[in-house]
Undergrad: 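Just dropping this structure here.
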Amino acid sequence: MTVLLIFALAIFLAAIVPGPDFAMVVRNTVTSGRGSGMWTAAGIGLGIAVWVVATSIGLAALLAASAIAFTAVKLAGAVYLVYLGVRSIVAAVKERRKPAAAIELDRRMSRLAAFRSGLLCNLLNPKAVVLFTALMPQFLGTGGDWVVIAELAAVGMAVAAGFYLALAGLIGLLRTLLERPRVRAWINGVTGAVMVALGLRVAAN
């Protein structure tokens, strides 16, 4: 139980540091509503579980050890973030010129799309490779007990998804303010710029 609590704390500390996952939840919640933000959080949670399992069976270490594979993941993640960032910026510019009713129709995002965006954002983050490659051996030791792996995956998924669900809920409480077209366009533009910057930073590192 103590090991799981320490692992939960480690995942929580990693989650609260603003990064691509944080920006993705903010973006989807602001542009498409609290529901989309929550499905994005669920996708991120599943991504954490995937990383726990992948690290436990050695795939993450193999990826980290291969310069070509690691670079491929890094560039894919960078391109994905820049793509989403540019889309947000373009949407922000368009929203300034559209009536509220037209914006409402454009901003809808399906549950699957929101979930997929969170999952891909997490899985294509090269920092996750480094984080879990360094973190998991501290909790697995030399063994590969699948019960322990399943527990760690469940805890990691619950903590990450829980934090981002809370974030989406908090942003949702500000809905009245965020429904204003100019405010939403401004936040969309800022989150888009942050995503582009994160993508460029990922590619450069």
Side-chain angles (χ1 to χ4, degrees), residues 4-55 60 73 76-78 80-85 87-88 91 107-132 135-136 150-175 177-179 183-184 187-199 201-202:
L4 293 179
L5 289 175
I6 295 174
F7 182 72
L9 178 60
I11 296 298
F12 177 75
L13 292 176
I16 63 176
V17 177
D21 291 343
F22 194 101
M24 184 66 72
V25 172
V26 172
R27 170 188 180 272
N28 288 353
T29 305
V30 170
T31 59
S32 300
R34 182 171 56 185
S36 293
M38 289 183 168
W39 278 101
T40 304
I44 294 170
L46 179 59
I48 294 294
V50 170
W51 278 118
V52 170
V53 174
T55 307
V73 171
Y80 185 61
L81 286 173
V82 170
Y83 165 72
L84 291 177
R87 282 190 59 185
S88 291
R107 65 194 282 263
R108 293 174 183 171
M109 174 183 283
S110 70
R111 295 175 179 177
L112 178 60
F115 181 85
R116 184 175 61 240
S117 68
L119 178 62
L120 288 177
C121 183
N122 186 265
L123 292 181
L124 293 177
N125 185 358
K127 290 187 177 180
V129 179
V130 179
L131 171 65
F132 284 97
L135 184 65
M136 291 306 296
E151 290 176 343
L152 292 172
V155 168
M157 180 169 59
V159 171
F163 171 76
Y164 290 116
L165 282 169
L167 176 63
L170 178 61
I171 296 173
L173 292 176
L174 303 175
R175 181 173 183 140
L177 173 63
L178 299 178
E179 282 298 309
V183 174
R184 188 166 57 238
I187 296 177
N188 216 0
V190 170
T191 55
V194 169
M195 283 188 167
V196 170
L198 287 171
R201 181 179 178 183
V202 166

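Residue numbers count from 1 along this sequence. What you are looking at is a predicted structure, and each value in this text was computed from that prediction instead of being measured.
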Undergrad: Which atoms form the tightest heavy-atom contact between G47 and N122, and what is the distance?
TA: C-OD1, 3.1 Å
Undergrad: For T29 and G172, which heavy atoms make the closest approach, and how far apart are they?
TA: CG2-N, 4.3 Å
Undergrad: Nearest 0.5 angstrom please: L170 CG to L165 CG, how far?
TA: 12.5 Å
Undergrad: I'd like to know if the side chain of T40 pairs up with that of N28 as donor and acceptor (distance under 3.5 Å, no hydrogens or angles considered).
TA: yes
Undergrad: Do I171 and L167 have side chains that approach each other closer than 4.5 Å (heavy atoms only, starting at C-beta)?
TA: yes
Undergrad: Looking only at heavy atoms, which two atoms of I16 and F163 are closest? And how far apart?
TA: CG2-CE1, 3.4 Å
Undergrad: Of all heavy-atom pairs between S32 and M109, which one has the smallest distance, and what is that distance?
TA: OG-CB, 3.4 Å
Undergrad: State, with a plain yes or no, whether a side-chain heavy atom of M136 is found less than 4.5 Å away from one of F7.
TA: yes
Undergrad: Which heavy-atom pair separates A168 from G37 by the least distance, and what is that distance?
TA: CB-C, 3.7 Å
Undergrad: Using every non-hydrogen atom in the two residues, find where A153 and V53 come nearest and quote the distance to one decimal.
TA: CB-CG2, 4.4 Å
Undergrad: side-chain contact (heavy atoms from CB on, under 4.5 Å) for I44 and L119? Distances and angles first, verdict last.
TA: CA-CA 5 Å; I44 294 170; L119 178 62; over 6 Å; no
Undergrad: With no hydrogens and no angle check, is any side-chain donor or acceptor of Y83 less than 3.5 Å from a backbone partner on V196?
TA: no
Undergrad: Within the structure provided, determine whether F132 and I11 are in side-chain contact (heavy-atom separation under 4.5 Å).
TA: yes
Undergrad: Starting at CG of N125, measure out to CH2 of W51 and round the result to the nearest 0.5 Å.
TA: 8.0 Å
Undergrad: Less than 4.5 Å apart, any side-chain heavy atom of W39 and any of L112?
TA: no
Undergrad: Let me confirm one number: the CZ-SG distance from R27 to C121, rounded to the nearest 0.5 Å.
TA: 10.0 Å
